[in-house]
Amino acid sequence: MQINWFTVIAQLFNFALLAWLMKRFLYAPILAAMDQREQQITAQLTAAKTQQDQAHAAHDELTRKTAAFDAQKQALLTAAEADAETQRQKLLAAGRQEADDQRAKQLKALQESQATQQADTARQTRQTVFALAKKALADLASASLEAQAVAVFVQRLQQLSRADRQPLLAAFQADKKPMQVQSAFALTDEQRAAIGTTLGGLLGAAPNLVFTTSPALISGISLNANGFRLAWDVADYLVALEKAAPVPAPTPSPVPNPEPHAVE
Amino acid sequence: MHLSSDEVIFWQAGFVTINLTLVTTWGIMLVMVGAAAWGTRRLTPGLHPARWQCALEIIVSGINGQIEQVGLPQPAKYIGFIGTLFLFIAIANVGIVLPAYEPPTGSLSTTVALALAVFLAVPAFSISQMGLRHYLKTYVQPTFIMLPFNLIGEVTRTLALAVRLFGNIMSGGLIVAILLSITPLFFPVLMNLLGLLTGIVQAYIFSILATVYIAAAVAKPIPKAAEATAQSA
């Protein structure tokens, strides 16, 4: 067991060469690859951390926007409900107003219809009364109703009071136009002469008279002179008679009670 | 029967001798460098390396971890020496499974050469770390009386390194050779298995002791004057 010093030196050199070669071909490349991998993993972890932070930030931003959106949506919904309620109240008020207007129109139309009906009834009544009176006068007194009306008109002229004559006299003196005598029938010459004579006596001079016929006067006669009017006919008679007649008890109205009611 | 592979001489010219130890060492060097060059020819820093790369990375990172655990904070600086020491001794010892193989670590010349390499590497690393002046001062610490003891310690531990490795490997090979002539069937196999374990353990012990020596030398406290000089440099 001896030491071969050449072998020792050679092995020392061999080991130094082997250490250099191994560092050149094994340790340096392996350590470099491991360092690169470590840096790569570190970079990926850093990138992942950055992305995670960005994701957290985006999540927070989304949460905040969602909350803001919910609040805005709730506010808009509340405002829309308030607007709808206001609009509903307006429509309800408008509907009530329109219903009231329609009810008032119906009431007015009904009242007009009633008035027209009443007028027609009065006119028919007057015509009926006239026809009955005419027939009664013709059957009982043997004198025509027209002649009787003219006689009554002349008699009323003669019985005018002083105060009532004054407007007639003033109208006669203010205007020299002919005085209008309207009758529901054509007057005879004798009837015209009697009217002229009576008016002459009242006015102190013979007036200029124009005789016309108007069927609207029901068996009557009227005198018109510069705004003054004196008439007698069956209508006036019936009006006076109506005023003198007792007032009948009111009948229930068929019109519904115009109290407001709810409109939904 | 020969006790050492140094005795098998292939060529000799005066002082220069080409023996079995050197030839085997060259073969081991060729295998190691060839395997390293072949295994690292397609290295990739990606997350899915090849199997060879994974194996090499496990070996290198394991050696790195051992160096760091012993107390050297920058293992990449020392792995070229310590890693090669471990791998060379381990491969040389494990090669006993091959027929007619004689490990170069069974030669006292090889173990002395490796121990001398450690003996030279310790001051080399220490001087590069703290400077020649401070390194020389460490031999007179804590007092100059310790100088001879420190020198004796350097020599004896180097001698211990060489003889420990040589004795273990040579004795293992010798026992196998003796048993092969006595009971050629089963005992040589068992002793070879034991030799594999012993070889790996001896490689680990040799490289760890070298690391401890280097770490102890590098980690010695630096005097304030030397520290200031190193900082200004």
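Computed from heavy atoms alone, side chains included, the values below leave out hydrogens, waters and symmetry copies. These numbers were taken from a predicted model, which means no experiment stands behind them.
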Against chain A, work out which of Thr44(B), Leu85(B), Asp6(B) has the most heavy-atom pairs shorter than 4.5 Å and name it.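 Counting heavy-atom pairs under 4.5 Å, the top option is Leu85(B).
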
Choice from Gln53(B), Met32(B), Arg41(B) maximising heavy atom contacts with chain A below 4.5 Å: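 Top count of heavy-atom pairs under 4.5 Å with chain A: Met32(B).
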
What's the shortest heavy-atom distance between [X] and [Y], and which atoms?
X        : Y         : result
Ile79(B) : Tyr27(A)  : O-CE1, 3.6 Å
Thr17(B) : Phe6(A)   : O-CE2, 3.0 Å
Phe81(B) : Phe15(A)  : CE1-CE2, 3.4 Å
Gly80(B) : Ala19(A)  : O-CB, 3.6 Å
Val8(A)  : Ser109(B) : CG2-O, 3.4 Å

Flag for Thr25(B)-Gln11(A): side-chain donor and acceptor within less than 3.5 Å: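 There is such a pair (donor and acceptor under 3.5 Å, judged by atom type) between the side chains of Gln11(A) and Thr25(B).
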
Name the option with the most non-hydrogen atom pairs under 4.5 Å to chain B; the candidates are Leu21(A), Leu12(A), Ile30(A), Leu17(A).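 So the answer, after comparing Leu21(A), Leu12(A), Ile30(A), Leu17(A), is Ile30(A).
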
What do you reckon, is OH of Tyr101(B) surrounded by more than 12 foreign heavy atoms closer than 6.0 Å?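 Result for OH/Tyr101(B): enclosed.
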
Can you confirm whether Gln74(B) is buried at CD, in the sense that more than 12 heavy atoms of other residues, nucleotides or ligands lie under 6.0 Å from that atom?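 Check fails, neighbour count at 12 or below.
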
Residues in residues 35-63 of chain A near chain B [non-hydrogen atoms, under 4.5 Å]: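 Listed by number, the contacting residues are Gln36(A), Arg37(A), Gln40(A), Ile41(A), Gln44(A).
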
Give me each pair satisfying salt bridge (Lys or Arg N to Asp or Glu O under 4.0 Å) with a member in residues 164-175 of chain B, each pair once, sequence neighbours excluded.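 Of all non-adjacent pairs touching residues 164-175 of chain B, none passes salt bridge (Lys or Arg N to Asp or Glu O under 4.0 Å).
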
Evaluate the side-chain proximity of Ile59(B) to Leu26(A): yes if any heavy-atom separation is below 4.5 Å, no if none is.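 Not in contact.
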
Is the closest side-chain heavy-atom distance between Asn4(A) and Thr21(B) below 4.5 Å?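 Asn4(A) does not reach Thr21(B) side chain to side chain.
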
Side chain from CB out, backbone as N, CA, C, O: work out which of these in [X] comes under 4.5 Å of a heavy atom of chain A, or both, or neither.
X         : answer
Ile28(B)  : neither
Thr111(B) : neither
Val60(B)  : side chain

When you look at Trp38(B) and Phe25(A), which way does the side-chain contact (heavy atoms from CB on, under 4.5 Å) test go after all the steps? CA-CA 9 Å; Trp38(B) 183 81; Phe25(A) 289 107; over 6 Å; no

Nearest 0.5 angstrom please: Ile9(A) CD1 to Phe15(B) CZ, how far?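 CZ of Phe15(B) is found 4.5 Å from CD1 of Ile9(A).
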
